[in-house]
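Quick note on labels: first sequence line is chain A, next is B, and so on, each numbered from 1. Side chains included, hydrogens not; waters and symmetry mates left out as well; all remaining heavy atoms used.
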Amino acid sequence: MPTGEELERERREKRESLSRTGTHAYPHNYPDRVPTRAVRDELKGSPPGAIHPDHPRRVAGRALSIRHLGRTAFVPLRDQSGELQLFLSVDHLGEEGLRAVLRWLDPGDLVGAEGIPVVTRRGEPSLAVRSLTLLAKALRPPPEKWHGLKDPEVRLRQRYVDLLSSPETLTRFTGRSVILRALRHHLDEEGFLGVETPVLERVASGALARPFVTHYNFLDEDYQLRIALELRLKRLIVGGFEKVYEIGPVFRNEDLDSTHVPEFSELELYWAYADYHDLRALVERMLHHLARSAAPFLSPEAAERIQRSFTPPFARVDFVHALEQHSGLPGVLDLPVETLREKARAVGATVTPSSPAGYCLDKLFAHHVEPTLQEPTFVEDHPRSTTPLAKQHRSLPGRVERFELFYRGFELGNAYTELNDPDEQLARFEEQRATRGEETYALDEDFVEALRYGMPPTTGVGMGVERLLMSLLDVASIKDVVLFPPTRRADPPSRPSPSSKPSG
RNA sequence: GGGCCUGUAGCUCAGUCGGUAGAGCAGGCGGCUCUUAACCGCAAGGUCCAGGGUUCGAACCCCUGCAGGCCCGCCA
């Protein structure tokens, strides 16, 4: 850090000289403060020049910049509720008081201010400061006040800098928390119980993904980080819970792009004595509710558009009909698997001689149909070979009772009428293992054992929370809704390249 | 894994034909009692992502690597 060092040294010197006057640079609290928004609200409707000397107020936050005009100065202050201008003048602070403040105050410092609410002659709601207190010195300068922090790499690696300098980032992540609170509240209101199940599993199953592996020293045993919540939650249904959900992190040892991160939050929900038709209606109600809760964090136009999109009923298409229509392959379910492999390979999928029909159908669907599903759409009644955990369709042979919800061309959720016959479950696992080799759902023996005790008819859904948030907050990249997405090592040791010619 | 693009002051960005780097903001000094991207003046601030090569001379051309972005592939 070349001249950053000089900037920091200057700020350290200001801090030290303040300490020498007996002022603590890092006091322990700042009592009786009010949000800056409260002061702005009080001043609403007051004319320029208004003064409220009988209502002294204390506010605290980050000083954004300093506009010094001789015997006055203006300092915008930001806290979580918004911004308020501090008005510093010799009239309230005295000659020496103002001079002293300007000696130590830097943009980025955290300060507390006590003063009286005023509206300046130019009409800006302000606090005429009688006393300014340093609450924490910023040794690093904040990003440029007008352009802010642009560097996408720094925004991810040092998210705190992004948050402290970009109000829209703070707003977006506030939106994340508020929407998830609304989600939990909605599920609670629907009668579901929130539960927590283990992140560390002997065998991570319930989805098709490579797990992260870790080691439990005490048991001297390798554990895996969960890739889904499904099998644990269904055990709870066996045990007598009738409506449960969990929202929590799952881990899939995979690459990262605009719709995938290796660590993400999943919502899974299981509902006994109900089927996927009941669940479809619940998902519609839930998303409609969440779209309303997202509105305060969006532009009015985006809020309106998203609420309109998520107003039930959503579109419904049959998996097989949609695939046949968009691919131009009639009778796709009756095609021999060799033909399906050939067609899948033709659209760029990685196909092996043992790739099963379900895999090829998934790939063909992903290529031909998914990009067309921009508005919320339920894709229903998948071929049986595409999934091992769903129950046979009650009227369509060769299909299962399943729906996936798509929006903007990506998958938001996946639901089944759950398979609850232990013998068929075991057969499906083994069938997958036989045809897919490594590419298979791990066999969870204890889960099958649980089913042998009897699981009521049940329906369940899994949704990627970040994708849900991308949809509701109207952003294009999953990193925009993950506070601390993973990044590569910042400064790997540089080594001379082996192919470079020796100097001489 | 493949293609394209990016990396220069604390931040945001210029940098022509290869001739030892520039602006604005922030910081320093001076001025100004209503600014709000305040303004005016002065001075200062650089591992040009890293390593190597070509050249009298490289931020610029070449090679390799690293990090990031976009697209494609892979991945429930």
Side-chain angles (χ1 to χ4, degrees), chain A residues 1-11 13-14 48-49 64-76 83 85-92 95 98 106-108 118-126 128 138-157 161 165 206-210 227-228 230 250 252-262 264 266 347-350 362-363 366-367 386-387 389 404 410-414 439 441 462-464 467 476-477 479 487-504:
Chain A
M1 296 251 177
T3 350
E5 270 175 19
E6 284 174 34
L7 297 175
E8 181 173 333
R9 194 171 60 240
E10 279 160 6
R11 286 167 177 250
E13 281 165 7
K14 290 176 184 178
L64 302 179
S65 62
I66 300 157
R67 291 188 289 275
H68 177 206
L69 293 89
R71 295 158 71 79
T72 60
F74 298 90
V75 177
E83 290 182 20
Q85 174 173 273
L86 302 182
F87 175 48
L88 312 181
S89 84
V90 294
D91 299 337
H92 297 93
E95 294 262 359
L98 178 63
D106 282 307
V118 300
V119 179
T120 61
R121 284 177 223 157
R122 296 299 180 90
E124 180 73 21
S126 308
L139 296 178
R140 300 256 190 258
E144 208 254 1
K145 62 187 173 191
W146 183 242
H147 299 92
L149 182 65
K150 287 278 185 58
D151 187 331
E153 193 174 337
V154 178
R155 293 181 76 149
L156 299 181
R157 287 185 192 278
V161 182
S165 64
L208 200 60
R210 280 167 57 202
I227 58 175
E230 176 150 8
V250 297
R252 298 183 182 180
N253 210 334
E254 288 157 5
D255 207 352
L256 151 165
D257 63 27
S258 63
T259 56
H260 297 80
V261 278
F264 61 98
E266 185 156 78
V347 300
T350 305
D362 265 343
K363 291 295 165 192
H367 180 265
T386 60
T387 169
L389 294 165
E404 288 180 289
F410 58 75
E411 184 197 341
L412 270 184
N414 184 21
E439 290 272 301
Y441 281 64
M463 304 189 76
R467 289 185 177 185
S477 169
K479 291 178 181 176
T487 52
R488 289 177 195 274
R489 200 169 66 242
D491 293 304
S494 61
R495 28 194 183 94
S497 86
S499 65
S500 57
K501 287 185 274 181
S503 61

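- At the phosphate of B/G68, neither OP1 nor OP2 sits under 4.0 Å from any side-chain N or O atom of A/Lys479.
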How far apart are the C-alpha atoms of A/Arg140 and A/Glu8, what are their side-chain angles, what is the distance that settles it, and do they pass the salt bridge (charged side-chain N to carboxylate O under 4.0 Å, His left out) test? CA-CA 6 Å; A/Arg140 300 256 190 258; A/Glu8 181 173 333; 2.4 Å; yes
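- Checking B/G68, B/A26, B/C75 against every side-chain atom of A/Lys363, the shortest atom distance belongs to B/C75.
- Here B/G69 is the nucleotide among B/C11, B/U36, B/G69 with the atom lying nearest to any side-chain atom of A/Pro152.
- In the set B/A26, B/C74, B/U33, B/C74 carries the atom at the smallest distance from any side-chain atom of A/Asp257.
- Both distances falling under 3.5 Å, in either a Watson-Crick or a G-U wobble arrangement, place B/G51 opposite B/C63.
- With B/G24, B/U33, B/A26 as the choices, the nucleotide that has an atom nearest any side-chain atom of A/Glu144 turns out to be B/G24.
- Toward the 5' end of RNA chain B, the nearer of the two residues A/Gly413 and A/Gly123, judged by each one's closest nucleotide, is A/Gly123.
- Base pairing of B/A58 is not made with any nucleotide, judged by Watson-Crick or G-U wobble geometry with both donor-acceptor distances under 3.5 Å.
- In this model, the phosphate group of B/G68 is approached by a side-chain N or O of A/Arg488 to a distance below 4.0 Å at OP1 or OP2.
- The side chain of A/Val90 approaches B/U33 more closely than any other nucleotide in the set B/G68, B/U33, B/U12.
- Using a 30° and 60° split on the angle between ring planes, A/Phe74 and A/Phe87 fall in the parallel class, below 30°.
- Taking atom CZ of A/Arg140 as the reference point, atom P of B/G10 lies 11 Å away to the nearest angstrom.
- A/Arg155 contributes no side-chain N or O that, together with a main-chain N or O of A/Val161, makes up a donor-acceptor pair within less than 3.5 Å.
- Remark: P of B/A26 and CD1 of A/Ile66 are 10 Å apart, rounded to the nearest angstrom.
- With B/C74, B/G28, B/G68 as the candidates, the nucleotide lying closest to the side chain of A/Glu153 is B/G68.
- Side-chain atoms of A/Arg11 lie closest to B/A26 of the nucleotides B/A37, B/U12, B/A26.
- In the set B/G68, B/C75, B/U36, B/U36 carries the atom at the smallest distance from any side-chain atom of A/Gln85.
- Across all strands shown, B/C72 is found opposite B/G1 as a Watson-Crick or G-U wobble partner, with both distances under 3.5 Å.
- Look at CG on A/Asp255: it is 8 Å from C1' on B/C74, rounded to the nearest Å.
- In this entry the distance linking NE2 of A/His92 with P of B/C34 reads 15 Å, nearest Å.
- Taking atom CG on A/Leu86 and atom P on B/C34, their separation rounds to 18 Å, with Å as the unit.
- With B/C74, B/G28, B/U33 as the choices, the nucleotide that has an atom nearest any side-chain atom of A/Asp106 turns out to be B/G28.
- Applying the Watson-Crick and G-U wobble criteria (two distances, each under 3.5 Å), B/G41 pairs with B/C29.
- For the pair A/His68 NE2 and B/U36 P, the interatomic distance rounds to 15 Å; values are reported in whole Å.
- Nucleotides B/A44 and B/G1, compared at atom P, are 49 Å apart to the nearest Å.
- Out of B/G10, B/G73, B/C34, the shortest distance to the side chain of A/Leu7 is found at B/G10.
- A donor-acceptor contact under 3.5 Å is not formed by the side chain of A/His147 with the base of B/C11.
- Base-pair partner of B/U20: not found among the strands shown (Watson-Crick or G-U wobble, both distances under 3.5 Å).
- Comment: A/Glu95 engages A/Arg71 in a salt bridge, judged by a side-chain N to carboxylate O separation of less than 4.0 angstrom.
- Rounded to a whole Å, the CG atom of A/Asp151 is 11 Å from the P atom of B/G68.
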